[in-house]
Amino acid sequence: MEMDQQVHDLIVHLCKEGDKHVENGQTSKAIESYIAALELVPLPKSDWDTSTWIYTALGDTYFHIGDFENAKNSFYDALNCPNGISNPFILLRLGESLFECGELEKAKEYLLRAYMLEGYKIFFNEDDKYIGSILDMI
């Protein structure tokens, strides 16, 4: 299944715009760009690779502004898209978002999955509390 090239190009443009807004600290505008891109993805959105990276960018943006509930929801959506379940970054950020939402048992599950795929290196630039939460499991 292939997406219309013009739609795909517009999605890529909106995501690059969102990335630039993130770089400039304009997270509200970034979120608007990512959501606009996501709205262009045909239904069911979970069937498209593009949805995986849009939900991931959206979730990461929410995570960095401390909106962990929306981050969690975006990463759950990314998880259900192509290759989402095997993406260590999605698993890491989902685990961290769950941790921040107080859902510690679920957080450990996803943090452990990220660790199993990438080892300690995926936690290298993260707060030690995340790897610390699974130390007794590894």
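- Taken to the nearest 0.5 Å, the OG atom of Ser33 stands 13.5 Å off from the NZ atom of Lys16.
- Between Glu103 and Lys72 the shortest side-chain heavy-atom distance falls below 4.5 Å.
- At most 12 heavy atoms of other shown residues, nucleotides or ligands fall within 6.0 angstrom of atom NZ in Lys29.
- Looking at Tyr130, Phe68, Tyr110, Phe63 one by one, the single match for ring pair (Phe, Tyr, Trp, His ring centres under 6.0 Å) with Phe99 turns out to be Tyr130.
- Rounding to the nearest 0.5 angstrom, the gap separating the CG atom in Asp47 from the CG atom in Asn80 is 11.0 Å.
- By the criterion of side-chain heavy atoms lying less than 4.5 angstrom apart, applied directly or through intervening Ile, Leu, Val, Met, Phe, Trp or Tyr residues, Tyr76 is not grouped with Ile35; the two fall into different hydrophobic clusters.
- Contact check on Lys20 versus Glu23 returns no salt bridge, with no Lys/Arg side-chain nitrogen under 4.0 Å from an Asp/Glu carboxylate oxygen.
- Closest of all the heavy-atom pairs between Ala71 and Ser97 is CB-OG, 3.5 Å.
- Cluster annotation: Met137 and Leu104 are assigned to the same hydrophobic cluster (Ile/Leu/Val/Met/Phe/Trp/Tyr, side-chain heavy-atom contacts under 4.5 Å, transitive).
- A continuous path of ILVMFWY side-chain contacts below 4.5 Å connects Phe123 to Leu112, so both sit in one hydrophobic cluster.
- Considering every non-hydrogen atom in both Pro88 and Leu117, the closest pair reads CG-CB, 4.0 Å.
- Classified by interplanar angle (parallel below 30°, tilted 30° to 60°, perpendicular above 60°), the ring pair Phe89/Phe75 is perpendicular.
- Under the 4.5 Å side-chain heavy-atom criterion for grouping Ile, Leu, Val, Met, Phe, Trp and Tyr, Leu38 is connected to Trp48 within one hydrophobic cluster.
- Side-chain atoms of Glu126 and Leu92, non-hydrogen and from C-beta on, do get closer than 4.5 Å to each other.
- In this structure, CZ in Arg113 is found 12.5 Å from CD1 in Ile90, a value given to the nearest 0.5 Å.
- Looking only at side-chain heavy atoms (C-beta outward), Glu118 and Leu91 stay at 4.5 Å or farther from each other.
- Closest of all the heavy-atom pairs between Cys15 and Ala37 is SG-CB, 3.8 Å.
- Note: the hydrophobic cluster containing Leu135 also contains Phe124 (ILVMFWY, side chain heavy atoms under 4.5 Å, direct or indirect links).
- Using a 3.5 Å distance cut-off with no hydrogens or angles, the side chains of Asn73 and Tyr55 do not pair a donor with an acceptor.
- Looking only at distances, no side-chain donor or acceptor of Asn87 sits under 3.5 Å from a matching main-chain atom of Asn83.
- No option in Leu94, Ile122, Ile131, Ile134 other than Ile134 meets the side chain to side chain contact (heavy atoms under 4.5 Å, CB included) test with Leu111.
- Look at Glu100 and Lys129 and you find a salt bridge, because one of the NZ, NE, NH1 or NH2 atoms lies within 4.0 Å of a carboxylate O, short of that distance.
- His13 places a side-chain heavy atom less than 4.5 Å from the side chain of Glu17.
- From Asn70, atom CG reaches atom CD1 of Ile31 across 7.5 Å, with rounding to the nearest 0.5 Å.
- Looking at Asp4, its side chain does come within 3.5 Å of a backbone N or O of Gln6 through a donor-acceptor pair.
- Across every non-hydrogen atom of Ala107 and Gly95, the tightest pair is CB-O, 3.3 Å.
- Side-chain atoms of Thr52 come within 3.5 Å of backbone N or O of Pro82 as a donor-acceptor pair.
- When side chains are defined from C-beta on, Cys101 counts as touching Glu69, because their heavy atoms get closer than 4.5 Å.
- Although no hydrogens or angles enter the test, the distance criterion places a donor-acceptor pair under 3.5 Å between the side chain of Ser51 and the main chain of Lys45.
- Side-chain atoms of Tyr34 come within 3.5 Å of backbone atoms of Asp19 as a donor-acceptor pair (strictly under, hydrogens ignored).
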### Query
Would Glu109 and Lys106 count as a salt bridge (Lys or Arg N to Asp or Glu O under 4.0 Å) if you check the C-alpha gap in whole Å, the side-chain angles of each, and the deciding distance to 0.1 Å?
CA-CA 5 Å; Glu109 176 186 335; Lys106 285 184 186 175; over 6 Å; no
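- The closest side-chain heavy-atom distance from Ile11 to Met3 is below 4.5 Å.
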